[in-house]
Amino acid sequence: FVKKLENISDNEAQEILEEKNYVAALGICAQGISRGKPDTALTSGDSFSVRVVQFLCKKSFQAFNLKIYALAPDPYLESESEYSASCSEEEDEDEQKEVSAVLSDQKTPAKTKAASTPPPRNSLAKKNKEQKMGNLVEEYFEAHSSSKVLTSDRTLQKLRKRRLDQQTLRDLLKNAPLAYAAEIRNLNQQHESLFSKWMLQLHLGFNIVLYGLGSKRDLLEKFRTSLLQDSVHLVVNGYFPSITVRSILNSITEEVLDHIGTFRSPLDQLEFITKRFKEDSSLELYVLIHNLDSQMLRGERSQQILAQLSSLPSIYLIASIDHINAPLMWDQAKLSLYNWLWYETTTFNPYVEETSYENSLLVQQSGSLALSSLMHVLHSLTLNARGIFRLLAQHQLEKKDNPSYPGLSFQDFYQQCREAFLVNSDLTLRAQLTEFRDHKLIRTKRGADGVEYLLIPVDDSTLTDFLEKEDEDV
Amino acid sequence: MSTCSVSKGCFVFKPSTKKRRLSDKTAHDFRCTSNDSEDTELRFVTCQSLWNQIKSETEQIQENLNKQLLDNLVSFLSRSHSDFQEKTTDWTCRMKFREIPTAALVLGVNVTDHDLTFRGLSDVLQDNITPYVALLEAKDCPGIKNLMQKLMGQLMKCDIDVDSLEDEDCVQVSQNRIRCSMPSLISWYDSVTKKTNSETPSKKRNSSSRHWQSPPVVVIFKDMESFTTKVLQDFIVISSQHIHELPLVLIFGIATSPMIIHRLLPHSVSSLLCIELFQSLSCKEHLSTIIDKLLLTSQFPFKLGEKVLQVLINIFLYHDFSVQNFIKGFQLCIVEHFYSQPLSVLCCHLADIKKRVYSLSHDQCESIRRLPSFRRYVEKQESGKQIELLTNNSFLKEETEKLLGDLHVYHENYVRILRCLHVFTSSLPKYPLGKQIRELHCACLENRVWETEEYESSLQLARMLNKTDLVTMLQQCVEILMSSSGKEFDRAVEKLKEFLTQFQNLEAEASQERDVSVSPQKELQKKTDLYHLQKTLLELKESRRSKKLTKFEMLRFEVVDYIDSLVRRYLAPADERALHEIVYFNGAAVLRGHLNAAPRTALHTALNSPHWYLKNQALRCDGGGISNKAPDICIVYKLHLECGRLINLVDWLEAFSTVVMAAEEPNADAASSDQVDDVIHARFIRAVSELELLGFIKPSKQKTDHVARLTWGGC
């Protein structure tokens, strides 16, 4: 039997050898690299076009790129004391150089440089494709090996720029004209012409997944309004921060199937839905999921349930994905349940709705959000509790220059609170801290010596603002 | 109602009941797209009926292929069960050791196909062996409790099916109440078997009279590898305690290799099992059969073009080994073809062609005239006929009918000769034209096979075949050609038979020849010294070179040449035939896009070269770089590519605003610069959060106002 298996694998190996080319073109990751690589190489080449001659001696752009960073001359460091490390400055300089180079290229009709360089570049790129792969690996480790990261120390705070909150951001963007509106409209019209085909394929048992750059919300919305008006359908905003599979299933059982009652587990609920849909063949449901790959839905169990849901013959699923690694969510079993037909719908529409919820990256607005929530919570507390929190905040701000500040130890804190007549026993302090912790105002962690340390998980600037506001109120 | 909300993520829309669409909307979808032709209804019906035929055919194939396996399993089950039935000594001794009869079913890595196999298996079991079959999946059984719950639920449900439906409610209730444990399962089993024993003559059990009196309880673990070891071990140990009360049989579905049983279960547990191994058919054989029955036949009018077939086969070989997915791809091909080709209404069985051709409208005639293959055909005709074809609709229809008939005949002949050629090429060393008939088929579809190097070398090799091989091959070819209904190959068959008789005649002559050839050999043995040996060898060589070919060799040449002539006559690629567009589907790019998409590449292209999508002159760049007028996200992406592991947001913002300001011409005066700055800031924020959504960066705690890059190497 084992022998038989070997035979099989031998045959496969042979076939695989025979069509190696195809593998090269298909392998998901390899494909991205092999296709994408020359492009990026060319562009980074542009940014260094001044040193084209040097480049021609070197084998690869990227390696060269890194070398430049590593060997960056010190003068920058000396002249610009603002920077802790030279590299990012070098990088900025390069970027600006690139800009000017690009500009001059566009303005001046003389394109001698461009005309002379491409052929060797291309041939080199081809010749060194393999080498480039090798270099890529080396680069990766080179960049990830050293714990020290060379970037400038500038922070947004020093920029003295007005913070933008969600509302002003929206207003500003609304006023800013969308670039290439006509072209984008064209692109979208092309996709819209596929609507009836989607309907056909949905009815034939396939499900449809849309991918490509740009928000596909408007497109799906248009699909919904133009074709689904007369049928029962469910729209799921996957990007909604607190969406769960449970809520999707609930809205199917409660609103579509008019079932009153609860279920022990999502699996039971799924079973119920399956049964109902199988019993009643006239029951049909279109499910539109924006961002099937969102944080909340990308889990294995959620995907399994959604896949099983989509495999029902009278449930038609049309979904969109955006994350670059989204296809990794699905194994073969799930893929066959989903029965996807892939459609590339690059729309170039801004992700307005999709990004309106997330505030983690936008330091500018996350601060204001945290501040307002801080204020809200504290206003509902007693005066003593506010005093306690204030004490902690002040202490934390005093130590803000110490990067290894572990937090205020409980004993010290208790001492200080006692001295300020805020508490009379450590029990009352503990009760107060529990309340803070429940509101996520503080975090406690045990140090190596077993002592409990208290920390406010808010950045310093917000804390400063908070204290200022508090002072105003008082 | 809007679907934007900050408090809700799901929105249900229910139209009023009277407005709901009618049921035949699928046909409606087909129609509303292609308003250019009036035959959409017919096309859709043809498409559906074709697909249904193909679907039932594939199911039939699957059933036949699994028959052997299922028969073996059934006999195994009845054996294991008979022991229990007869209470023989063998059983008692096994009982002493508490061994559970177990079938390990090795199914291969194509997990997606397993469902069908299991469905067939449980159907067969329920028909022949036992009504008590439970199918368990790992995802339903995270713990032993869930497993028992699931098991009992399924077993009792099949009890309901057998019994009358009136009891359903009470059973349903009791199922929830019963504590799911082995004793309760056993008591259930006892009660059920007792009931059936008492009422064996009753009408109710007529259908299940094939079952024995105490049928075994079969538990199928669909995906054994994904079960947690603890659950499996517990279940096996517990049930082995009760094996003398409950005739349990386990079936493990295994995707990898039988070794996994020993890896998952320690010796103490696996010794409780009495395992027998079953091997299912390999998925490649399955695919070959499918291709043989679906493509290499004239039963179905619809055909796949070379590239399309190649795409489907490649997805199969390099992605999933899943026959189901292959069939899904085939379905998609059919739908695409009938949807996108208005003339596909003519892609029907030979009997219907005449009627359909004569009901063609003028527009459809025009679209026939526009077909590239038809134009080529017209150009080859004499001028009088050319004019007739281009102006006279009824003449065109006659001609179309004839051509479609020709196409059908061509395909029939093609398949026969392809099989003959495959008989030859499949036994050559190194298989220059491929081992499988599908490879040969692809090669023949791609271009004229006789012009390829591989064909040349396989002919060379065929000219060196020995006689016995050659004779068997010829016999096979004769069989293949004889099986065809038409008279097309009568002459070929005759010719081949003639070759065969000639070979037989040769045998008689051969004995005489051997005597002649012996003599130099004998001479050779006489000479012993080196010089003479060399001399005679040289002479021998000389004589051999000049020697005329033997009769056998001549005949062999003749045979190969004849096969070659057949190939040249019948195996011309399909796209040389007129009107092949009607029958052959060639949208390989569409197919690949839908089945084997590369979302990451699409994203990358859009970010790197937006002009690919946005057809604007300003975006076009000579150097392959990116213009500073590109959409914000492209610029931000480009800038981030130049950074290392961490990116400083401030620097990034500054670089972005420099690029954007440069693009916006220095018309902004100093007064409004602050305002502009805010807008750019906002645009930057948007672009960065979009990149985060796409998974290129994530916020980092390592340094303030830094983000971490998540991709490497420009993609």
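Labels below follow one simple rule: chain letters A, B, ... track the order of the sequence lines, proteins then strands, and each chain is numbered from 1.
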Checklist line | Contact leader toward chain A among Asp320(B), Leu614(B), Thr112(B), where contacts are heavy-atom pairs under 4.5 Å | finding: Leu614(B)

Check: What part of Ile243(A) is in contact with chain B, defined as an atom under 4.5 angstrom from a non-hydrogen atom: side chain, backbone, both or neither?
Finding: side chain

Note to self: Can you tell me which of Cys10(B), Ala606(B), Ala602(B) forms the most heavy-atom pairs within a distance under 4.5 Å of chain A?
What the structure shows: Cys10(B)

Notebook entry, point to check: Hey, are the side chains of Phe13(B) and Leu228(A) touching, using non-hydrogen atoms and a 4.5 Å cut-off?
Noted result: no

Note to self: What part of Leu267(A) gets within 4.5 angstrom of chain B, counting heavy atoms only: side chain, backbone, both, or neither?
What the structure shows: side chain

Note to self: Report which part of Phe195(A) has an atom under 4.5 Å of a heavy atom belonging to chain B: side chain, backbone, both, or neither.
What the structure shows: neither

Margin query: Heavy-atom cut-off 4.5 Å, strictly under: side chain, backbone, both or neither for Leu341(A) against chain B?
Written below: both

Notebook entry, point to check: Which answer fits Leu332(B), side chain, backbone, both or neither, if we ask what part of it has an atom under 4.5 Å from a heavy atom of chain A?
Noted result: both

Next item on the list: Give the minimum heavy-atom separation between Cys634(B) and Phe348(A), together with the two atoms involved.
Entry: SG-CE2, 4.0 Å

Item checked: Distance in Å, Trp612(B) CH2 paired with Thr346(A) OG1, rounded so as to fall on 0.5 Å steps -> 11.5 Å

Next item on the list: Give, as side chain, backbone, both or neither, the part of Gln304(A) having an atom under 4.5 angstrom from any heavy atom of chain B.
Entry: side chain

Checklist line | Heavy-atom proximity to chain B below 4.5 Å, by part of Asn325(A) | finding: side chain

Checklist line | Donor-acceptor pair, side chain of Gln332(A) and main chain of His319(B), under 3.5 angstrom | finding: yes

Item checked: Residue pair Pro15(B) / Val232(A), side-chain heavy-atom distance below 4.5 Å -> yes

Next item on the list: Kindly give the heavy-atom pair with the smallest separation between His323(A) and Gly695(B), and that separation in Å.
Entry: NE2-CA, 3.2 Å

Margin query: Under the rule for side chain to side chain contact (heavy atoms under 4.5 Å, CB included), what residues qualify as partners of Asn146(B), not counting sequence neighbours?
Written below: Pro142(B)

Notebook entry, point to check: Side chains of Glu183(A) and His611(B): does their closest heavy-atom pair fall under 4.5 Å?
Noted result: no

Next item on the list: Evaluate side-chain contact (heavy atoms from CB on, under 4.5 Å) for Leu213(A) paired with Leu694(B), printing each intermediate quantity in order.
Entry: CA-CA 9 Å; Leu213(A) 181 68; Leu694(B) 295 176; 3.5 Å; yes

Next item on the list: Look up atom CG in Asp115(B) and atom CG in Leu337(A), then write down how far apart they are to the nearest 0.5 Å.
Entry: 7.5 Å

Check: Mind checking whether Tyr211(A) and Leu603(B) have side chains closer than 4.5 Å, heavy atoms only?
Finding: no

Notebook entry, point to check: Can you say whether the rings of His594(B) and Tyr343(A) are parallel (under 30°), tilted (30 to 60°) or perpendicular (over 60°)?
Noted result: tilted

Notebook entry, point to check: Nearest 0.5 Å, what's the SG-CG distance between Cys47(B) and Leu200(A)?
Noted result: 8.0 Å

Check: For residues Tyr351(A) and Glu692(B), is any side-chain donor paired with an opposing acceptor at under 3.5 Å?
Finding: no

Check: Based on non-hydrogen pairs under 4.5 Å, which of Leu335(A), Val256(A), Val209(A), Ile252(A) is most in contact with chain B?
Finding: Val256(A)

Margin query: Return the OH to NZ distance between Tyr180(A) and Lys629(B), rounded to the nearest 0.5 Å.
Written below: 7.0 Å

Next item on the list: Among Lys615(B), His114(B), Lys139(B), Arg683(B), single out the residue with the greatest number of heavy-atom pairs under 4.5 Å to chain A.
Entry: Lys139(B)

Margin query: Nearest 0.5 Å, please: how far is CD1 in Ile184(A) from OH in Tyr613(B)?
Written below: 13.5 Å

Check: So what's closer than 4.5 Å to chain B heavy atoms on Asp331(A): side chain, backbone, both or neither?
Finding: neither

Margin query: Any non-hydrogen side-chain atom of Gln48(B) less than 4.5 Å from a side-chain atom of Leu204(A)?
Written below: yes

Notebook entry, point to check: Do Gln324(B) and Ser336(A) come within less than 4.5 Å of each other through their side chains, counting heavy atoms only?
Noted result: no

Margin query: Nearest 0.5 angstrom please: Asn339(A) CG to Asn325(B) CG, how far?
Written below: 7.5 Å

Notebook entry, point to check: Below 4.5 Å, heavy atoms only, C-beta onward: do Pro327(A) and Pro599(B) meet side chain to side chain?
Noted result: yes

Item checked: Under 4.5 Å from any heavy atom of chain B - which part of Glu255(A) -> both

Notebook entry, point to check: If only atom types and distance count, is the side chain of Lys197(A) paired as donor or acceptor with the main-chain N or O of Glu336(B) below 3.5 Å?
Noted result: no

